[in-house]
2 protein chains.
Amino acid sequence: MAQRRTATIKDVAAAAGVGIATVSRVFSGTGSVSAATRERVLAAAGELDYRPSALGRGLKLRRSGGIGLIVPDVTDPFHADLVAGVLACARGLGEHVIVDAAYGDPAREAEIVERLVEQRVDGIIAVPAGARADWRAAARVCSSVVFADRMLPDLPEIPAVLADDAGGVRSLTEYLAGLGHRRVGFLGGAPGAPAGVRERAFRDTLAQLGVPVEEDLVVAARAARDAAYAAAAGLLQRRADVTAVLAAGHLLGEAAVLVARELDLRVPADVSIAMVDDVSWAELCDPPLTAVARPGHDIGYRACELLLREPARRGRGQPVLLPTELVVRGSCGPLRPARR
Amino acid sequence: MAQRRTATIKDVAAAAGVGIATVSRVFSGTGSVSAATRERVLAAAGELDYRPSALGRGLKLRRSGGIGLIVPDVTDPFHADLVAGVLACARGLGEHVIVDAAYGDPAREAEIVERLVEQRVDGIIAVPAGARADWRAAARVCSSVVFADRMLPDLPEIPAVLADDAGGVRSLTEYLAGLGHRRVGFLGGAPGAPAGVRERAFRDTLAQLGVPVEEDLVVAARAARDAAYAAAAGLLQRRADVTAVLAAGHLLGEAAVLVARELDLRVPADVSIAMVDDVSWAELCDPPLTAVARPGHDIGYRACELLLREPARRGRGQPVLLPTELVVRGSCGPLRPARR
DNA sequence: TTGAAAGCGCTAACAT
DNA sequence: ATGTTAGCGCTTTCAA
C-alpha cells in the first residue's frame with residue numbers, strides 16, 4: 001500500500017459524503033450529529049487512518065493544548081518525581097507536556113521559555129533558575145506561569161507550589177537537637193540561592209532552642225556533586241568536633257556520607273547525618289539515612305492543577321505549601337563524647 | 001498597560017509598513033531582505049513583543065517541529081538519563097520534546113502514541129512496553145519511530161538503539177565466575193519480557209565457562225520494587241548455598257542488597273552482589289556495588305540523532321549497540337566456604 | 001528586494 | 001441535523 005498523504009478532514013468528509021463541519025462535530029464532540037451519520041463518518045475516518053490535526057485545531061483555537069515544564073535537571077530524583085506529577089495531572093486533563101532542562105542556567109531557561117511561547121503552550125510550570133527580569137517578561141508574554149519547588153521573591157505575583165522546606169528543616173534540626181547535639185554542621189545551597197529558606201529555618205530553630213549557631217558550621221555549596229563534596233569535606237575536616245551534620249539536599253547528603261566514610265567516621269557513632277530529600281538510596285545506605293521527604297510528585301501535580309484548573313485562584317495570595325515528613329532511620333544517634 | 005491580543009505577523013507587517021511575506025522572510029531566515037527593512041521589521045516586532053506562532057508555521061509546513069518521547073517511567077534513573085540524552089540532542093536540532101510515561105502499560109502507550117500523532121510530531125522515540133500490533137499501526141501512521149533501550153523482536157523494521165546488554169551481563173558473569181563462584185543466582189525480568197537477552201547471556205556465558213546452570217537459581221520478577229524484593233528473598237532463602245547473585249537491573253540489585261541485609265548476610269563475605277545499571281546509589285552502598293554501566297544518556301542522544309539526522313540510515317540493518325562498562329567496586333569477593 | 005494571494009486543517013457562526 | 005463560509009497565523013509561489 002502506497003504511503004498516501006495523511007488524510008485531512010476534507011478527505012473524510014468526501015469519503016463519508018458529508019460536509020467538513022459534520023466531521024469536525026463528530027471528532028470534537030461539539031454540536032449534534034445523528035447516530036447514522038456519525039457512524040458513516042467514523043467508518044470513513046477509520047478507513048483513511050484519519051487523525052485530526054492538533055495543528056489545525058490549535059491555530060483556530062489559539063492554543064496548542066500543551067503545557068511547558070522547565071526543570072533544572074530531569075536526572076535529579078526529586079525533579080523527576082515532580083515531572084511525573086505534572087505528567088499525571090496533565091494526562092488527566094488531556095494536555096501534553098513539553099519538557100526541557102535548564103541546568104540552572106538563566107540564559108538557557110530564557111531560551112526555553114521563548115520556544116514554549118512560540119509553541120503557544122497553554123501555560124508554563126517552572127522550577128526557576130532565577131533571572132527575575134526574564135520571568136517578568138515571560139509572564140507578560142505568556143498566558144500563565146506557575147512556579148514549582150522554588151519561587152522568586154521578587155516575583156510574588158507569580159503563583160507557586162512549594163514544599164514546606166522551613167518546616168522540614170525545622171523538624172530535622174529539632175530532632176538532632178533533641179538527640180543532644182549542639183555542634184551541628186549545616187550543608188546548604190549556594191549563597192544567595194533561593195534555598196536560603198532552609199538555612200534561615202536552621203538558624204531560627206537553633207536560636208529558638210537556645211543553641212548558639214557558629215558561623216563556622218554553616219557552609220554553602222553550588223548544586224553539583226563536586227561542590228557538595230568539597231563543602232562536606234571542608235566542614236568535616238575543619239571542625240572535627242561536629243557531632244551531627246544536616247544536609248539541605250540529597251546531593252549534599254550524598255557528599256556527607258561519602259566524606260564520612262573517607263574520613264573513617266562511623267555513622268552515627270562518630271557523626272550523625274540527616275538530610276533533606278528522601279531519595280531512594282537513603283534506605284540503601286548503611287546505616288539507612290534519616291531524611292525529610294519532600295512531596296515532589298504532589299508538587300508537580302498541584303502546580304499543574306493550579307495552572308490548568310484554577311486560574312481563578314492564581315495570582316492572589318500566598319504560595320501553596322505542601323507538608324514534608326520526617327523519616328527517621330538509623331543515621332542519627334544520641335550525642336556521645338566528641339571524637340578526637 | 002492593557003493585555004492586548006498577542007501580535008501576529010500581520011500586526012508586525014502593518015507596524016513596519018511592509019508586507020507580511022517580508023516579515024516571514026525576516027523571521028524564517030528564508031529569501032532575502034535588505035538590511036534596512038530587516039531593521040524596521042525587527043524593531044516593530046520588538047515593540048509588539050511579537051513571537052512567531054509555531055502553530056501557524058506548523059500548519060503550513062505540516063510538521064510541528066517537535067518529537068515525542070515515551071518512556072516507562074521518568075522516575076527511573078536509567079530512563080531519566082535517557083530522557084536527558086534526547087533533550088540534549090533535540091535542543092541542538094531546534095526541536096522540542098513532548099515527554100510521557102507509559103508505565104509498562106501497552107494501552108496507555110497506544111493512547112500516548114495517538115496523541116503524539118495528532119500533535120503531528122516529527123517522530124517518536126520510545127522505550128516500548130511491547131504491544132507489537134499497536135506499534136505496527138503506529139509506524140504506518142507516524143512519520144518515523146525509533147526504539148530506545150529495548151526493541152520488539154517482531155518489529156525488526158523499526159530501528160533501535162540499545163545498550164549491549166548481552167555483553168554487559170557476560171562480563172559480569174565472567175567476573176563472578178573468575179572469582180570462583182559456581183552457584184550464582186540470577187535475578188531477571190519478567191518471563192517473556194524483552195529483558196530476555198540478559199538471561200540468555202547469563203546462561204550462555206555460564207555454559208561457555210563450563211559451569212552448569214541450575215534452573216533453580218534463575219528467577220524472574222516484574223519490574224516493580226515489591227516483585228523484585230519477593231524474588232530476591234525467595235532466591236536467597238530457598239538456596240542458602242548461593243555464593244553470588246547477579247541482578248539484571250537496579251531495582252533487582254536494590255532488592256538483593258536489602259534482602260541480604262535482612263538475612264544478615266555479609267557482603268561480600270557471605271554473598272557477592274553485582275548488578276546491571278550503575279545508578280548513583282551503587283557507590284553509596286556499603287560496600288559499594290559492582291555494576292555494569294549502561295549508557296542511558298548516549299542511547300537517548302543517538303536515538304534522537306537517528307530519528308532526526310539520519311533518516312537514510314534508518315530502517316535497514318541491525319540495531320545500534322552501545323557498549324557497557326564493568327565498574328568493579330567492593331561488593332564481590334572470591335569464593336569462600338559456603339555459609340550455613 | 002518586495003507584495004499579493006493562495007492555501008495548510010480545523011472550528012464556529014450562520015444558514016438551511 | 002447538516003452544509004457553507006470565513007478566518008486562525010504562517011510560508012511560498014508568482015509577479016512586479
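Values reported hereafter were calculated over all heavy atoms of this structure, with side chains retained and with hydrogens, waters and symmetry mates removed. Every chain is numbered from 1 and lettered A, B, ... according to where its sequence line falls, protein lines coming before strand lines.
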So the salt bridge (charged side-chain N to carboxylate O under 4.0 Å, His left out) pairs with at least one residue in residues 88-99 of chain A (sequence neighbours excluded) are A:R63-A:E95, A:R91-B:D100, A:R91-B:E111
Applied to residues 28-42 of chain B, the salt bridge (charged side-chain N to carboxylate O under 4.0 Å, His left out) test, sequence neighbours excluded, yields none
The ring pair (Phe, Tyr, Trp, His ring centres under 6.0 Å) partners of B:Y301 (sequence neighbours excluded) come to none
Angle separating the five-pair end axes of the helix from C:dT1-D:dA16 to C:dT16-D:dA1, nearest 10°, is 40°
Margin query: Assess whether a salt bridge exists between A:E118 and A:R115, defined as any Lys/Arg side-chain N lying under 4.0 Å from an Asp/Glu carboxylate O.
Written below: no
Readout for nucleotides 8-16 of chain D: B = base within 4.0 Å of protein heavy atom, S = sugar-phosphate only, - = neither; 5' to 3' it is BBBBBB---
Between CZ of B:R63 and C1' of C:dG9 the distance, given in whole Å, is 17 Å
Between CD of A:E39 and C1' of D:dA1 the distance, given in whole Å, is 16 Å
Can you list, pair by pair, the side-chain donor-acceptor contacts under 3.5 Å of residues 67-79 of chain B, counting residues two or more places apart and other chains?
from: B:D73; atom 1: OD1; to: B:T75; atom 2: N; distance (Å): 2.8
from: B:T75; atom 1: OG1; to: A:D81; atom 2: OD1; distance (Å): 3.2
from: B:D76; atom 1: OD1; to: B:F78; atom 2: N; distance (Å): 2.8
from: B:D76; atom 1: OD1; to: B:H79; atom 2: N; distance (Å): 3.1
from: B:D76; atom 1: OD2; to: B:H250; atom 2: NE2; distance (Å): 2.7

So does [Y] get a backbone contact from the side chain of [X], meaning a donor-acceptor N/O pair under 3.5 Å?
{"X": "B:R51", "Y": "B:D49", "answer": "yes"}
{"X": "B:E109", "Y": "B:A102", "answer": "no"}
{"X": "B:R150", "Y": "B:P128", "answer": "yes"}

* So what does A:G17 hit on the nucleic acid, given a heavy-atom distance under 4.0 Å: a base, only sugar-phosphate, or nothing? -> sugar-phosphate
